[in-house]
Amino acid sequence: MSTTGPKRPAQVSAARRRTVIDALRRGAVPESGLDLLATGLDRFEAALDAELDAVASGGAVFKAVRGEYGSGKTFFTRWLGERAKRRNFAVAEIQVSENETPLHRLETVYRRLTERLATSSFPPSALRPVVDAWFYALEEDALAAGATEEELPGEVEKLLVARLAEVSRHAPSFATALRGHRAALAGGDEPTAAAVLAWLGGQPHVAAAARRAAGVRGDLDHFGALGFLQGLLTVLRDSGHTGLFVVLDEVETLQRVRSDARDKALNALRQLIDEVHSGRFPGLYLVITGTPAFYDGQQGVQRLAPLAQRLATDFTTDPRFDNPRAVQVRLPGFTQESLVGLGAAIRDLYAAGAAAPERIGAVVDDAYVADLARAVGGALGGKVGVAPRLFLKKLVGDVLDRVDQFEDFDPRRHYKLTVASSELTEVERNLAAASADDVDLEL
C-alpha cells in the first residue's frame with residue numbers, strides 16, 4: 001500500500017463525511033464514500049477502469065483478489081464497486097458462507113445477488129425498479145416504432161420475446177415469469193405480481209397460486225440460475241444500465257466445508273469463470289476475494305487443477321511490478337507508514353466537519369496518530385496488516401469524538417488504549433496478546 005494519504009475532493013458534503021465517519025466509528029467498512037479513504041490504489045485505477053469500460057461495451061471480466069486478513073479486500077471491492085456505479089453499473093456484494101450462501105448452489109448465489117442488487121438510484125433490493133424500468137423502456141421503444149395505445153400491449157410482448165430470445169434458449173421460464181408479472185400488474189393484482197417477481201429473483205416457496213397464474217412451476221435450481229443471470233443482464237442493459245458488478249466475498253471459507261461440498265463449489269467457480277470467458281454474460285464484471293492460502297493451498301484452488309490453471313498468476317516478482325491486468329491481483333496490506341497516512345487523512349476528514357478543526361489538528365497531530373497506530377498494532381501481536389479496522393475505530397470513537405466534544409480532553413494524558421476481546425474479530429483475537437486489554441499507549 002502507498003504511504004501517501006488518499007486523494008480527496010476539495011469539497012466533501014456533510015452527508016458523505018458523516019456516512020464514512022459513522023461506519024468507521026462502528027468498526028465497519030463504509031458502504032459509500034470510499035474514494036475519500038482510498039490509499040495506494042492508484043496503481044490499479046487505469047487497468048480496472050479499462051476493464052469496466054470493456055464490460056460497458058459488451059464484454060465480460062472475471063477478477064480474483066488475494067490478500068491476507070486485514071489487507072483491505074472488502075474495502076477494495078467496494079471502492080471498485082463505487083467506480084462501477086458511477087458508470088451506471090448495478091452492483092451486488094455477496095458473502096459466501098457454508099450455511100447461508102454455499103457456492104456450489106448457484107441458485108442460492110443468484111438469490112443473494114437479487115437481494116443485494118443496488119443501483120446509483122436504488123438501494124438493495126433494486127430488482128423491482130429495474131424490472132419496472134425495463135418494461136417502461138419496452139413501451140417507449142414500441143411507441144417510438146409507431147405503435148398506438150391499442151397496439152401497445154401486443155407490441156411490448158413482441159419486444160419482450162425478441163429481447164429475451166437468447167435467454168429463452170437456456171431459461172424459458174425467465175421470460176414467462178416476466179410476462180406473468182406484467183399481466184398481474186395490468187390486472188391490478190399486486191400480491192401476485194410481487195410473488196412472481198420474488199420467484200424471478202430466485203426466492204423459494206413462492207405461493208403455488210402465483211406460480212400457476214404466471215405459468216411457471218417449481219423453484220429455481222442450480223442449472224437454471226445461470227440462465228436467469230443471463231436474463232437479468234439483458235434486463236439491466238435494456239433498462240439503461242451499462243453492466244452488472246458482482247462480488248463473491250470471502251471465498252476462502254470453502255476451505256472449511258466438507259470435502260464433497262468443497263469440490264462442488266470449486267467446480268462451480270470453474271464453471272462460472274468459463275462461462276464469463278465464453279461470452280455468455282456480456283455486461284458482467286465478476287470478482288472473487290480470498291486469502292493466499294485459498295489460492296495456493298491444497299484445500300483451496302489447487303485442489304482442482306483446471307481452476308488452478310485459470311487463476312495462475314506470477315507473484316514471484318517485487319509487488320511493485322504486479323500486473324493489475326492479470327486475472328488475479330494482490331493486495332500487499334498495510335505498513336506502519338501507510339496506516340499512519342490513512343489515519344491522518346481520516347483526522348483531516350473528521351476535522352473538516354468538526355466544531356473546532358484547529359484543536360483537532362493540534363491535539364491529534366501526526367505524531368500522535370503514529371503512536372496510536374503503533375499501540376494498536378502492538379495489541380494485535382505486532383501484525384500491522386490486520387490493524388486498520390481497529391485502529392480507525394479507536395481513532396474516531398475513542399479519540400476524535402472526545403477531542404471534538406470536550407475542550408480539555410487530551411488523549412496523551414486522558415486516554416489509555418484498551419482492547420477488549422469482545423470488540424475483536426476472530427482473526428484479530430487470535431493475534432492479540434494475552435494482555436491486550438492492558439496495553440498502555442506510551443507517549
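- Of all non-hydrogen atoms in L159 and L138, the two that sit nearest each other are CD1-O, 3.4 Å.
- Counting only heavy atoms from C-beta outward, the side chains of V156 and R182 approach each other to under 4.5 Å.
- Under a 3.5 Å cut-off, the side chain of H181 and the backbone N or O of A193 do form a donor-acceptor pair.
- Under the 4.5 Å side-chain criterion, counting only non-hydrogen atoms from C-beta, L229 is not in contact with E275.
- Residues V96 and T253 approach most closely at O-OG1, 3.3 Å, considering heavy atoms.
- Under the 3.5 Å distance criterion, with hydrogens and angles disregarded, a donor-acceptor pair is assigned to the side chains of S338 and T335.
- Salt bridge D35/R16: present, at least one basic N to carboxylate O contact under 4.0 Å.
- Between L37 and P30, some side-chain heavy-atom pair lies under the 4.5 Å cut-off.
- T242 places a side-chain N or O within donor-acceptor distance of the main-chain N or O of R87, the cut-off being under 3.5 Å.
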message = Could you go through R212 and R217, starting from their C-alpha distance and side-chain angles, then the distance that decides it, and tell me whether this counts as side-chain contact (heavy atoms from CB on, under 4.5 Å)?
response = CA-CA 7 Å; R212 281 196 302 270; R217 294 186 296 178; over 6 Å; no
key: Evaluation steps, salt bridge (Lys or Arg N to Asp or Glu O under 4.0 Å), between D132 and R128   = CA-CA 6 Å; D132 288 347; R128 178 69 177 264; 3.5 Å; yes
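- Among Y285, F62, W79, the one residue that satisfies the ring pair (Phe, Tyr, Trp, His ring centres under 6.0 Å) test with F245 is Y285.
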task = For side-chain contact (heavy atoms from CB on, under 4.5 Å), just list the numbers for R262 and L266, CA-CA rounded to whole Å, side-chain angles, deciding distance to a tenth of an Å, and then say yes or no.
result = CA-CA 6 Å; R262 185 187 316 140; L266 292 172; 4.1 Å; yes
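- Checked by atom type and distance alone, the side chain of K393 never pairs as donor or acceptor with a backbone atom of R25 at under 3.5 Å.
- Taken from CG in L272 to CD1 in I288, the straight-line distance is 9.5 Å, to the nearest 0.5 Å.
- In this structure, K85 places its NZ atom where more than 12 heavy-atom neighbours from other residues, nucleotides or ligands lie under 6.0 Å away.
- When only modelled atom types and interatomic distance are considered, Q298 and R303 share no side-chain donor-acceptor pair under 3.5 Å.
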ask   = Passes salt bridge (Lys or Arg N to Asp or Glu O under 4.0 Å), D249 versus R78? Steps please.
value = CA-CA 11 Å; D249 202 10; R78 288 186 182 171; over 6 Å; no
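- For the side-chain contact (heavy atoms from CB on, under 4.5 Å) test, residues two or more places apart in sequence or in another chain that qualify with R270 are N267, D274, L304, P306, L307, R310.
- With contacts defined as side-chain heavy-atom distances shorter than 4.5 Å, the pair E107/D221 does not qualify.
- Taking 4.5 Å as the limit, some side-chain heavy atom of L127 sits within range of a side-chain heavy atom of L232.
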task = Run the numbers on L248 and T101 for side-chain contact (heavy atoms from CB on, under 4.5 Å), then give the verdict.
result = CA-CA 10 Å; L248 300 178; T101 315; over 6 Å; no
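- L36 places none of its side-chain heavy atoms less than 4.5 Å from the side chain of I346.
- Of the possible donor and acceptor atoms, one in the side chain of Y295 sits under 3.5 Å from a partner among the backbone N and O of V65.
- Interatomic distance, S120 OG to E82 CD, rounded to the nearest 0.5 Å: 12.0 Å.
- Note on E166 versus R169: salt bridge recorded, some NZ/NE/NH1/NH2 to OD/OE distance being below 4.0 Å.
- Note that OH of Y110 is 11.0 Å distant from CD of E115, once rounded to the nearest 0.5 Å.
- One finds no salt bridge joining R256 and E98 here, because no Lys/Arg side-chain nitrogen approaches an Asp/Glu carboxylate oxygen to under 4.0 Å.
- Residues Q230 and R280 bring a donor and an acceptor atom of their side chains to less than 3.5 Å of each other.
- Q255 approaches A293 most closely through the heavy-atom pair OE1-O, 3.4 Å.
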ask   = Run the ring pair (Phe, Tyr, Trp, His ring centres under 6.0 Å) check on F44 and F76 step by step: do they pass?
value = CA-CA 10 Å; F44 294 107; F76 177 86; 5.3 Å; yes
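- Distance check: T316 OG1 to F321 CZ gives 12.0 Å after rounding to the nearest 0.5 Å.
- Using a 4.5 Å cut-off on side-chain heavy atoms (C-beta onward), P324 and L48 make no contact.
- Looking at D260 and K264, no side-chain N of the basic residue comes within less than 4.0 Å of a carboxylate O on the acidic one, giving no salt bridge.
- Between D219 and R111 there is no salt bridge, since no side-chain N of the basic residue sits under 4.0 Å from a carboxylate O of the acidic one.
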request  = Go through V340 and E337 one step at a time and tell me if the side-chain contact (heavy atoms from CB on, under 4.5 Å) criterion holds.
outcome  = CA-CA 5 Å; V340 172; E337 292 74 20; 5.9 Å; no
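- Applying the side-chain contact (heavy atoms from CB on, under 4.5 Å) criterion to T192, with sequence neighbours excluded, gives A184, D189, V196, A210, A213.
- The main-chain N or O of S97 is never found under 3.5 Å from a side-chain atom of E250 such that the two would form a donor-acceptor pair.
- Below 30°, between 30° and 60°, or above 60°: for F228 and W199 the angle between ring planes is above 60°, a perpendicular geometry.
- Judged by distance alone, the side chain of R112 and the main-chain N or O of E100 form a donor-acceptor pair under 3.5 Å.
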For residues 326-333, run the donor-acceptor check on the side chains, cut-off 3.5 Å, and write out each pair with its distance to 0.1 Å, sequence neighbours left out.
| unit_1 | atom_1 | unit_2 | atom_2 | d |
| --- | --- | --- | --- | --- |
| Q328 | OE1 | R66 | NH1 | 2.7 |
| Q328 | NE2 | L311 | O | 2.8 |
| R330 | NE | D322 | OD2 | 2.8 |
| R330 | NH1 | F315 | O | 3.4 |
| R330 | NH2 | T317 | O | 3.4 |
| R330 | NH2 | D322 | OD1 | 2.8 |
| R330 | NH2 | D322 | OD2 | 3.2 |

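- Listed for the K73 side chain is no donor-acceptor partner under 3.5 Å among the backbone atoms of T291.
- With salt bridges taken as basic N to acidic carboxylate O contacts below 4.0 Å, none links E93 and R116.
- Residues V251 and L254 have side chains in contact (heavy-atom distance under 4.5 Å, counting atoms from C-beta outward).
- A salt bridge links R83 to D49: one of the charged nitrogens lies within less than 4.0 Å of a carboxylate oxygen.
- Note that CH2 of W134 is 10.0 Å distant from CZ of R237, once rounded to the nearest 0.5 Å.
- When atom types are taken as modelled, the side chain of H241 and the backbone of F89 share no donor-acceptor pair closer than 3.5 angstrom.
- Here the side chain of H104 pairs no donor or acceptor atom with the backbone of A268 at under 3.5 angstrom.
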task = Take R325 and E51 through the salt bridge (Lys or Arg N to Asp or Glu O under 4.0 Å) test and state the conclusion after the steps.
result = CA-CA 8 Å; R325 300 174 182 172; E51 291 178 347; over 6 Å; no
